[in-house]
Amino acid sequence: MQNRWTAFALRRGTRLIISLWVLVSAAFLMIHLVPGDPVRAMLGPTAAPALVDQTRENLGLNDPLWEQYLRFLRGLFTGDLGTSITMGLPVSEVLAARLPNTLTLGLLGFVLAICLALPVGATIAVATRKGRRRGLELSFASTSVVVATIPDFLLGVALVAIFGVTLELLPVAWTGGAESYVLPVIALAAGPAAVLSRIVRVELLSTLDEDFVRTARAKRLSSRRIVLRHALPNAVTAALTLGGLMLGTLVASTVLVENVFAWPGLGSTVVGAILGRDYPLVQAIVLVYGTGVLLVNTLVDVVLALLDPRSTIGDQ
Amino acid sequence: MRLLTVLRTPMGVVASIILVLVLLTAIVAPLLWNDAAEARNTANLNSGPSAEHPLGTDVLGRDLLLRTLVATRLTVLLALGATGVALGLGILFGAAPVLLGHRAGRLAVSAVNIAVAFPGLLLALVLALILGVGELSAMWAIGIAGAPSFARLCQTLVASVAERDYIAAARLAGKSRFRILLRHVLPNIAEPLIVNATIAAGAALLAFAGLSFLGLGVQSPSYDWGRMMMEGLDRIYLNPIAALAPGVAVVIAGLAFNLMGEALARSLSTPRIPVAWGMRPRRPYPQKAEERGDGEPADHLAGPGHADSSEPAGPAAYPEAVLTLRDLRVSLPGHLGCLTPVRGISLRIAPGEAVGIVGESGSGKSLTALAAAQLVEEPLAVRAATLKFCGADLMLRPQSTRDRSRYQRLLGRSLAVVFQDPMTSFNPTMRIGAQLVEGMRFHDGVERSWAQARAVDRLGAVGIEEPERRAAMYPHEFSGGMRQRAMIAMGLMGDPQLIIADEPTTALDVTVQKQVLELLDEVRSASSVALMLISHDIAVVRQVCDRIAVMYGGRIVEELPADRLAEQAQHPYTRALIAAVPDMNTDLDEPLATIPGRPVDLSQRSAGCPFAPRCPLATQRCHEQDPALIPAGDSGGAHRVACWHPVVDAGRAALAEADRSAGEPASAEGSELS
Ligand code: SF4
């Protein structure tokens, strides 16, 4: 038992560290992959050569590559991520100001998606089991497909047009108040909720046909308990496996949604940074997003291992 | 071409129509309206919808409807281009193990595994920075971002064909790896690739719209839907339609690709069943089928009505039976009327008695057990003149919730069920102990610690060593035999009056089978629990049971005390079952005796005795009339048989004769006794 957990932690930890290293290296190499002179590309063809040289010197691009790499790594550990070119501020300050806004948005979206998907998927599964209520099944299937296809930013625009512009119920952009969270969180959560609830439904349906559910029925438990205690935990493990990657997508979705709602988070910052070729800032933001995704994936694996004693820790 | 089968499904037709419309617009619209879409109407800037401009105009007074239509081409082209990039790179990386050999292949696999974890948009952002902002670099960016998932798909697909013989043969023949890939591997994985590329094209279209919306994709003066949305969002107060219309176009086009992919996927993997969004063939007229269940005249498959009247046998000395079944029927409403796999079973089990039910698969024995245990689920329907358990009439639908929970409690505490496959009958995510105590805690609300102690005690009682430690384990840490013991222990948690064991040993090793049977027997004699043992194996049943009911074609064809089985069984089917059991006298060089013919096919039942097609004694009468289950001559009611020509002494010789001439040599499996 103990050994299995150690082995699991070791295996999963190694994978996380390797992925992190690849991410860091990729972020570092980004600037060197720009065709031609990255500084010239940043400042434009009309910039004075002296300025170009100066900037190159400031970015440390004249040093040998390995020295730059070491400096980059050292910077990561000391929190010194360089200075944003477009904003003239230390990158760490920009992150400190913007990251919390993105995190809150993403977390709320995630929580809402789960809170919608589990009960909806489970209820539909139980209600439409064995071919009952075909109408309900059909409308659920078509609604969820359409909702899942509508991209988050478009949903955001539509929500702005309806609730912000036409009905004037909710703010169209960030105000700092709680009410400005409503529309972006819905825009973020709707798609993942639709996909997840479909997965939950399918998984729960197949789980309800399993032998151990019949065993539970033989104990004459209430159908509520059978679904909640026996079927759902087994369905959720499968749903989580499939839904795990989707969480990563949710992180990325914040980029678009933030731009719709002029949200002062990393997502709206990164677009300006890319357009302004603000290399240090883009590097840092990419690192933050990538790390976020990796951590979320690791978390999903750990939760899976806890939920299903057979799968993750059992093998290998 | 197999891909065209997609047109046979409603979803496929809808998807094709939308897709063709989108593609037509992409081709035609720029030819017709390119100039008109650029025409500026300076008198009409940023206007809302009007007769002249149905969707309004943009900041330069250009017509938004025409611009939306014209933008189709660029949008679709870029999406397809990105998909092409993703597909090409994906195949390259996915086929790396074939192209480069194992070591480099493994490297490619792990690279893909890492890349696939990152969301595509993130990759696209990075690439937008590296390649610069513009539509071509955005196309590459989205393509590259989509490549890892294609690569992973390809790796799986390639791995599945790479081991096949013809590939090995080609490799041995010294063909180059590239040639093998082109000629042998790709054609075999083309279909799933096409399906996924279609879905990916929809995703690429949406991703591109996102990138353009951010201002990182198509640059002015070019325009695609994403760019139009961005421009529209700035003026959303003036004309919301300007932002929404291109968005709707994005959804329609994206949905078209998505649906097409889904439809292709379904029509290719399940070619015959048009399962389109719950449009499966409907279960026809459930309410009508319900009517049919009880009216035999309407139901040509149900047996004759006489089964109703036959009183269950069994020693009348027992005043109160644990379980009483009278005319139990289980039916399956279906297209062609009602199939009735169980057609009028009458059976009585006294306290402490062990009754075996024997039959081939399809004889209805397991359904009978499930019906007795009240575990039959829709669409199967159970009816019975009487279904009593411990004095409670289970056919009465409980009226109040209190009644219901009283019934459930009675069944939960007093009726234990042991299922066939111990590997799948436990919840894999719960500890064994928790599963044992669950029912008791639910029905009686006893203390957790008390229930836990009882669970440990019960586990010990069924011969599980170190029960305390075992109770804390998960099912997958138990062996098959141990799980079946734990299942029996679970039945002993309450106050069992009857154990229904449905093929409890079939899934186990031979040595373990014997132990589990002995355990069941022990449990029964120790706590005088009645046992209903279902098995295809008459030898198993004879070992443990007092009384044996032989089922065939959904009915009991013979019911007799176990000690009469060897010598006095009268039904030709029972005799055949006994003859098929190898015993001490069987000459092992001889082929095993077997029952010629196939088990009864429910959908093709005729009016006569169900065994008639396989029966060596069948006569004209057997084919026309179904014999009733009636007491056999000398038994005083304990022995019943349903046969026109029961094998009594005189007939036995004739049967033996017929056996000798009819039996083609075959193995025991030939009779599908499973
Ligand atoms: S009734 Fe006829 S066909 Fe049926 S078992 Fe008896 S002899 Fe055979």
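Here is how names work: the chains are called A, B, and so on, in the same order as the sequence lines, proteins then strands, and each is numbered from 1. Since the structure is predicted, the reported quantities are computational estimates derived from the model, not experimental observations.
Interface remark: L411(B) contributes backbone and side-chain atoms alike to the contact with chain A (heavy atom separation under 4.5 Å). Looking at V250(B), only its side chain comes within 4.5 Å of chain A, counting heavy atoms on both sides. L216(B) touches chain A through its side chain: at least one heavy atom from C-beta onward sits under 4.5 Å away, while N, CA, C and O do not. Only the side chain of L294(A) comes within contact range of chain B, with heavy atoms under 4.5 Å apart. With a 4.5 Å cut-off on non-hydrogen atoms, M490(B) touches chain A through its side chain but not through its backbone. Using a 4.5 Å cut-off between heavy atoms, A207(B) makes no contact with chain A at all. Within the 4.5 angstrom heavy-atom criterion, only side-chain atoms of V270(A), from C-beta onward, approach chain B. For a residue to count as touching a neighbouring chain, one of its non-hydrogen atoms must lie under 4.5 Å from one of that chain's; by this rule T166(A) does not touch chain B. Residue contact with chain B, scored on non-hydrogen atoms closer than 4.5 Å, involves the backbone and the side chain of V165(A) alike. Contacts of N427(B) with chain A are made by both backbone and side-chain atoms, with heavy-atom separations under 4.5 Å. Both the backbone and the side chain of V157(A) come within contact range of chain B, judged by heavy atoms closer than 4.5 Å. Neither the backbone nor the side chain of R15(A) comes within contact range of chain B, judged by heavy atoms closer than 4.5 Å. Heavy atoms closer than 4.5 Å to chain A are found nowhere in M440(B), neither backbone nor side chain. Contact of L131(B) with chain A is made through the backbone alone, with heavy-atom distances under 4.5 Å.
Contact tally against chain A (heavy-atom pairs below 4.5 Å) for A209(B), P240(B), A243(B): the top residue is A209(B). Options M230(B), Q435(B), Q420(B) differ in how many heavy-atom pairs under 4.5 Å they form with chain A, and the most are formed by Q435(B). If you tally non-hydrogen atom pairs under 4.5 Å between each of V126(B), N258(B), V417(B) and chain A, the highest count goes to V126(B). In terms of heavy-atom pairs under 4.5 Å with chain A, the best-connected choice from L375(B), L121(B), L255(B) is L375(B). Each of I274(A), V34(A), V293(A) has some count of heavy-atom pairs under 4.5 Å with chain B, and the biggest count is that of I274(A).
To the nearest 0.5 Å, atom CZ of residue R441(B) and atom NZ of residue K219(A) are 12.5 Å apart. Note that the CG atom of D502(B) and the CZ atom of R214(A) stand 7.0 Å from one another [nearest 0.5 Å]. Atoms CG and CG, on L206(B) and L154(A) in that order, are 9.0 Å from each other to the nearest 0.5 Å. To the nearest 0.5 Å, the span separating CG on L125(B) from OH on Y289(A) amounts to 8.0 Å. Atom CG of L129(B) and atom CD1 of I31(A) lie 8.0 Å apart (nearest 0.5 Å). Atoms NE2 and CD1, on H32(A) and I130(B) in that order, are 11.0 Å from each other to the nearest 0.5 Å.
In this structure, T215(A) and M487(B) have side chains that are in contact, with non-hydrogen atoms separated by less than 4.5 Å. Counting only heavy atoms from C-beta outward, the side chains of L233(B) and N259(A) never approach each other to under 4.5 Å. Put simply, the side chain of F213(B) reaches to within 4.5 Å of the side chain of V260(A), judged on heavy atoms.
A side-chain donor from one of E438(B) and H230(A) sits under 3.5 Å from a side-chain acceptor of the other.
When all heavy atoms of L122(B) and G290(A) are compared, the closest pair comes out as CD2-N, 3.7 Å. L256(A) and G210(B) get closest at one heavy-atom pair: CD2-O, 3.4 Å. R220(A) and F442(B) get closest at one heavy-atom pair: O-CE2, 3.7 Å. Minimum heavy-atom separation, T429(B) to P233(A): OG1-CB, 4.2 Å. Listed here is the closest heavy atom pair of P151(A) and V251(B): CD-CG2, 3.9 Å.
Within 6.0 Å of atom CZ in R217(A), more than 12 heavy atoms from other residues, nucleotides or ligands are found, so the atom counts as buried in its surroundings.
Aromatic ring centres of F426(B) and F212(A): separated by at least 6.0 Å.
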From CA spacing to verdict: side-chain contact (heavy atoms from CB on, under 4.5 Å), E377(B), R129(A): CA-CA 11 Å; E377(B) 276 200 290; R129(A) 193 157 176 251; 2.9 Å; yes
